[in-house]
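In what follows, every chain begins at residue 1, and chains take the letters A, B, ... in the order their sequences are listed.
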Protein chains: 2
Amino acid sequence: MEANTVHPAETTVLAPACSVGDEEDSRLEGVALEAWRSFLQSHATILRLLDAELASEHAITTRDYEVLLYLAQAPDRRLPMSALAESTMLTRSGITRLVDGLVAGGFIERTSCASDARVSYAALTDEGLAKLRSAGCTHVGSIRRLFLEHFTPEETSRLASLLGRLPGAQRGGACTAE
Amino acid sequence: MEANTVHPAETTVLAPACSVGDEEDSRLEGVALEAWRSFLQSHATILRLLDAELASEHAITTRDYEVLLYLAQAPDRRLPMSALAESTMLTRSGITRLVDGLVAGGFIERTSCASDARVSYAALTDEGLAKLRSAGCTHVGSIRRLFLEHFTPEETSRLASLLGRLPGAQRGGACTAE
DNA sequence: CAAGTGCCGTTGACCGGTCAACTATAATTT
DNA sequence: AAATTATAGTTGACCGGTCAACGGCACTTG
């Protein structure tokens with residue numbers, strides 16, 4: 001029937017390896033190329049699958065999930081918009097619109113801040129929490145299947161230590177870090 | 001002045017680790033969490049930087065670059081739109097529009113196929129090739145700096161072998177692979 | 001060779017996200 | 001206290017990409 005919809009993605013990719021010209025070192029060689037390509041393509045593929053599953057089984061986006069999760073972990077289950085923006089690495093306007101959607105879905109409410117009238121909190125509703133819980137199972141399962149399952153525990157730890165050196169890898173995200 | 005534009009990204013992120021509820025295994029623990037988080041966040045961060053550099057120094061996108069590169073490596077420096085779509089992991093319509101842009105920029109021409117009137121080739125122009133070459137230096141340099149430089153050769157190779165197991169990592173992309 | 005079937009590329013409608021401009025509030029300077 | 005500057009959030013315009021529908025062409029199959 002179909003299956004003609006080639007999955008999209010945000011790949012990118014690398015650099016010559018053959019003979020565009022055969023000049024300088026503007027090329028990536030062997031194993032370095034492999035590493036880089038695998039990095040890009042696996043990311044694209046995994047995220048795509050993750051998103052598809054979450055969308056089809058829970059009608060939310062990976063981003064939605066992420067926001068719900070951050071809120072669930074936050075004290076009082078609420079966070080200022082800016083905090084959300086920073087955590088998710090979206091712009092403030094991006095978060096505004098994303099939260100708009102979640103509010104419309106009933107997963108989040110906007111509440112105002114007593115001590116600073118500029119800030120508006122995004123607060124997780126009970127339905128939001130329920131959604132997160134139900135989606136969580138699926139999602140974590142998928143992450144295991146698509147990512148973690150390919151490694152032994154030691155490998156996972158080695159991988160973590162390698163990837164952990166890359167730019168951006170160390171920005172927050174943990175439980176009570178910040 | 002500013003620097004208030006928090007860099008955006010397509011992160012996602014993981015799963016609880018604290019105490020959303022303290023139920024089942026719908027959580028990611030320790031080192032697995034680290035690996036997954038690093039994977040997501042480093043990707044987001046690196047691609048963002050890469051894109052910014054390419055945009056500011058060469059006025060093209062990472063995707064543009066990718067397409068140019070694929071064409072440069074192709075026999076006769078041209079490829080059918082569908083082939084491009086597959087390589088880049090974009091949809092056919094996505095490629096149409098992307099190529100539109102590159103044609104407008106003079107980097108690509110559309111030519112038709114003698115043996116099959118349905119296909120239209122995207123063919124690299126000389127300017128396109130020049131663009132690729134000049135951008136290539138910057139780009140590959142950035143990849144080295146942002147990614148490769150964080151690893152010794154053995155580490156790179158180990159990383160390649162780990163990432164190489166992930167879904168999507170083995171799809172084509174090499175020189176004369178197909 | 002006429003009719004079905006399927007593939008190629010483009011287009012329209014939409015969506016998620018950015019950027020830049022703006023409003024309202026807070027904090028700082030004078 | 002008034003003026004300045006900075007911060008929080010929203011909005012409008014736009015962009016890159018998807019999806020679904022379509023038109024042109026090629027390949028069966030009657």
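- The salt bridge (Lys or Arg N to Asp or Glu O under 4.0 Å) analysis of residues 154-163 of chain A, with sequence neighbours excluded, yields the pairs E155(A)-R165(B).
- Paired with L71(A) under the rule side chain to side chain contact (heavy atoms under 4.5 Å, CB included), one option of L84(A), D76(A), L132(A) passes, and it is L84(A).
- Residue V119(A) has its side chain nearest to dG9(D) when only dT10(C), dG9(D), dC8(C) are considered.
- Among residue pairs with one or both ends in residues 50-60 of chain B, those qualifying as side-chain hydrogen bond (donor to acceptor under 3.5 Å, both in side chains) are D51(B)-T62(B), E53(B)-S142(B), E53(B)-R145(B), H58(B)-T138(B); sequence neighbours excluded.
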What are the atom names and distances for every N/O pair under 3.5 Å that joins the protein to nucleotides 11-14 of chain C?
{"unit_1": "dG12(C)", "atom_1": "N7", "unit_2": "R97(B)", "atom_2": "NH2", "d": "3.3"}
{"unit_1": "dG12(C)", "atom_1": "O6", "unit_2": "R97(B)", "atom_2": "NH2", "d": "2.0"}
{"unit_1": "dA13(C)", "atom_1": "N6", "unit_2": "R97(B)", "atom_2": "NH2", "d": "3.3"}

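- No donor-acceptor pair closer than 3.5 Å links the side chain of Q41(A) to the backbone N or O of Q170(B).
- Looking at S112(A), its side chain never comes within 3.5 Å of a backbone N or O of S120(A) through a donor-acceptor pair.
- Applying the salt bridge (Lys or Arg N to Asp or Glu O under 4.0 Å) test to every pair with at least one member in residues 111-130 of chain A, sequence neighbours left out, gives these pairs: D116(A)-R118(A).
- The ring pair (Phe, Tyr, Trp, His ring centres under 6.0 Å) check on F151(A) picks up F147(A), with sequence neighbours excluded.
- Distance CD1 (I95(A)) to C1' (dG9(D)): 12 Å, rounded to an integer number of Å.
- Rounded to whole Å, the distance from CG on L47(A) to P on dG16(C) is 16 Å.
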Anything under 3.5 Å between a protein N or O and an N or O of nucleotides 22-29 of chain D, put it in a table, one pair a line.
{"unit_1": "dA26(D)", "atom_1": "OP1", "unit_2": "A117(B)", "atom_2": "N", "d": "3.3"}

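- At distances below 3.5 Å, not a single donor-acceptor pair connects side-chain atoms of S157(A) with backbone N or O atoms of V31(B).
- Between T91(B) and the phosphate of dT18(D), there is a side-chain N or O to OP1/OP2 separation shorter than 4.0 Å.
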